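Everything quoted here is computed from the prediction, not taken from an experiment.
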Amino acid sequence: MTLKECKKEEKADREFQKKFKFEGSIDVLTRMMVDPAATEKRGGGRNLPLRRGEILDVIQFTNQEQILCRNSQRRYGYVPRDVMLHL
């Protein structure tokens, strides 16, 4: 990874911590897949855009309805639990 890419990732992580009031290091708990039968949804605000079959990194199980995730483009957001499948 180049220095420029490393700094870009660090900046994205800092913005995530500020936006979601997340303290501590960002650790991936597990990886889950978006249900292929689910409808695709646009992101917005704090929600992550969903694509069928996409594999997401789970950062935090926030409550019974939502999970805090990161996608392959290093974007962070909430995803509904009912559209997630364990790998």
Any residue meeting side-chain hydrogen bond (donor to acceptor under 3.5 Å, both in side chains) with Glu65, in chain and number order, not counting sequence neighbours: none

Pairs under 3.5 angstrom only: tabulate donor-acceptor contacts from the side chains of residues 28-47 to other protein residues two or more places apart or in another chain.
{"from": "Arg31", "atom 1": "NE", "to": "Asp57", "atom 2": "OD1", "distance (Å)": "3.2"}
{"from": "Asp35", "atom 1": "OD1", "to": "Ala37", "atom 2": "N", "distance (Å)": "3.1"}
{"from": "Arg46", "atom 1": "NH2", "to": "Lys19", "atom 2": "O", "distance (Å)": "2.9"}

Hydrophobic cluster membership, with links at side-chain heavy-atom distances under 4.5 Å among I/L/V/M/F/W/Y: are Val58 and Phe16 in one? no

Counting heavy atoms not belonging to Arg52, are there more than 12 under 6.0 Å from its CZ? yes

When rounded to the nearest 0.5 Å, the distance separating NZ of Lys8 from OG1 of Thr2 is 10.0 Å

Output every pair passing ring pair (Phe, Tyr, Trp, His ring centres under 6.0 Å) with a member in residues 40-66, not counting sequence neighbours, ordered by first then second residue. none

Heavy-atom distance under 4.5 Å between the side chains of Ile26 and Ile59, does that happen here? yes

List in chain and number order the residues that pass side-chain hydrogen bond (donor to acceptor under 3.5 Å, both in side chains) with Ser72, two or more places apart in sequence or in another chain; answer none if no residue qualifies. none

Anything under 3.5 Å between a donor and an acceptor, one on a side chain of residues 76-87, the other on a protein residue two or more places apart or in another chain? List them.
{"from": "Tyr76", "atom 1": "OH", "to": "Asp13", "atom 2": "OD1", "distance (Å)": "2.7"}
{"from": "Tyr76", "atom 1": "OH", "to": "Arg70", "atom 2": "NH1", "distance (Å)": "3.3"}
{"from": "Arg81", "atom 1": "NE", "to": "Asn63", "atom 2": "O", "distance (Å)": "3.2"}
{"from": "Arg81", "atom 1": "NH2", "to": "Asn63", "atom 2": "O", "distance (Å)": "3.4"}

Do Gln17 side-chain atoms and Arg14 backbone N/O form a donor-acceptor pair below 3.5 Å? no

Partners of Arg51 by salt bridge (Lys or Arg N to Asp or Glu O under 4.0 Å), sequence neighbours excluded? Glu54

Answer yes if Ile67 and Leu56 sit in the same cluster of Ile, Leu, Val, Met, Phe, Trp and Tyr residues linked by side chain heavy atoms under 4.5 Å apart, and no otherwise. yes

